[in-house]
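Right, one structure below, let's go through it.
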Protein chains: 2
Amino acid sequence: MLNQHYNITSAMKDTKQCIIDEGTHLIQTRGYHAFSFQDISNKVGIKTASIHYHFPTKTDLAVAVVVSQKETTEKHLHNITSNGALTEREKIKLLCQSILATTYLSEEKMCLAGMLAIDILTLEPPVAQAVQNLIGSIEATLAKLISNGAKTNEFRRDIDAQSTATALMATIEGTLMLTRLFKDENRFTDAMDVIISRLL
Amino acid sequence: MLNQHYNITSAMKDTKQCIIDEGTHLIQTRGYHAFSFQDISNKVGIKTASIHYHFPTKTDLAVAVVVSQKETTEKHLHNITSNGALTEREKIKLLCQSILATTYLSEEKMCLAGMLAIDILTLEPPVAQAVQNLIGSIEATLAKLISNGAKTNEFRRDIDAQSTATALMATIEGTLMLTRLFKDENRFTDAMDVIISRLL
DNA sequence: TTCAACATACCTATTAGTAGGTATGTTGTA
DNA sequence: TACAACATACCTACTAATAGGTATGTTGAA
């Protein structure tokens, strides 16, 4: 896992990315204030002091985690939105399924943005800004999909893309939160089915 | 503030309740893992060690906070549901307004249940159970209101009380989370208007 | 004189972060 | 092409601060 004295091969991610990945996982499962450098140290196999070499402060790490996630998410979103074989409604449904699969169904993780959003009052401004950017990006994609569907009369006539996207985003976060609380994935599926069928 | 050497008057809540109230406030603003006994000590004017006299562990305090909140909330919910002058739809809207007023509009607080629900993987079972009970209670009230409205044909014909209540609960939590993130109360109002008008 | 409700004084564990050192890799220049 | 100078990526050892928690002492009121 360590790069010290070794060449980096294709099968070996560099340490910095390992730290980001493990940080992402820890934030999604335990939250910002419930994970420590020691947790990362144990998983990555690097001393806590060495983590500071890559990320001087915990805030720096958190920012890197969110920025990295934004890139990954945008690629993923693009894969869905650019699929010409799907209707806009199908794209939105697929997006929801995809979120469930990468969060609760993957070690009961929460959405990264949501997990950090809840700590907004205790996060330093750079992290808060990064989280806003991440949520903003996902919401913009949703609004675009709804807007597209509206043009082709795929959705209800009087739909408002922006407020509907906002409501959809909120329901995704909230339902994920309650799915984790009750450990019942049907909560997510049922709630999203109701919302999508009524809102769109 | 302290009761030591003083009689408890009507204007003076007892220390135990003061600790619970301050704990409630701290959890709603900072979250479980970002508040300490020292924070409570500073606000209540009691030494941290003395808090342990009333609540042996942090878990005990958290449970007391949630149980206390459940009682308060249920009284509040009853005041709304038992108001004969309101339609079921009006009751639900009032309930949403009331939640916004007591959370984001009050020092940017989050819903207590939501704030703890997010930490489900790091909370001890008694706390998790208490949070489930609290959310369950609110959700049951919502389901009852929807069920009542359905009987009087106040809502859409094909409405399902339980799944609609679940979706509504999720949207309330999620929209509150994003309202705090972006510090924009219109997010709550807009999203809830869309949801209520489409779902009910 | 008992005892509830505190305070004092501590403990152990953990936190993020720092200081200084070391082995290896890279690079510009003579 | 040799090598000094520097960069990279770690290490050990440490710090100050904070966390939740405990054992024991004090005090005023019933």
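Each chain gets a letter, A, B and so on, in the order its sequence line appears, and its residues count up from 1.
Residue A/Asp21 holds its CG atom at 10.5 Å from NE2 of A/His25, rounded to the nearest 0.5 Å.
Rounded to whole Å, atom P of D/dA19 lies 11 Å from atom CD1 of B/Ile40. Rounded to an integer number of Å, the gap from CD1 of B/Ile46 to P of D/dT26 is 19 Å. The nearest whole Å value for the distance from the NE2 atom in A/His33 to the C1' atom in D/dT18 is 14 Å. Look at CG on B/Asp14: it is 14 Å from C1' on C/dC6, rounded to the nearest Å.
A/His52 has its side chain within reach of A/Phe37: a pair of non-hydrogen atoms, C-beta onward, lies under 4.5 Å apart. Residues B/Thr164 and B/Phe155 fail the side-chain proximity criterion, which asks for heavy atoms closer than 4.5 Å.
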Using atom names, set out every protein N or O paired with an N or O of nucleotides 15-17 of chain C below 3.5 Å, distance rounded to 0.1 Å.
{"residue": "C/dT15", "atom": "OP1", "partner": "A/Ser36", "partner atom": "OG", "Å": "3.1"}
{"residue": "C/dA16", "atom": "OP1", "partner": "A/Phe35", "partner atom": "O", "Å": "3.4"}
{"residue": "C/dA16", "atom": "OP1", "partner": "A/Lys58", "partner atom": "NZ", "Å": "3.2"}
{"residue": "C/dA16", "atom": "OP2", "partner": "A/Phe37", "partner atom": "N", "Å": "3.0"}
{"residue": "C/dG17", "atom": "OP2", "partner": "A/Lys58", "partner atom": "N", "Å": "2.8"}
{"residue": "C/dG17", "atom": "N7", "partner": "A/His52", "partner atom": "NE2", "Å": "3.3"}

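One finds no side-chain N or O of B/His54 lying less than 4.0 angstrom from the OP1 or OP2 phosphate oxygen of C/dA4. Look at A/Ser50 and you won't find any side-chain N or O under 4.0 angstrom from OP1 or OP2 of D/dA9. B/Tyr53 has a side-chain polar atom (N or O) that falls below the 4.0 Å cut-off from OP1 or OP2 of C/dA5.
Looking only at atom types and distance, the side chain of A/His76 has a donor-acceptor partner in the side chain of A/Ser98 under 3.5 Å away. Between the side chains of B/Thr57 and B/Asp60, at least one donor-acceptor pair of N or O atoms lies under 3.5 Å.
Each of B/Gln132, B/Glu71, B/Glu74, B/Lys70 was compared with B/Ser137 under the side chain to side chain donor-acceptor pair (under 3.5 Å) criterion, and only B/Glu74 meets it.
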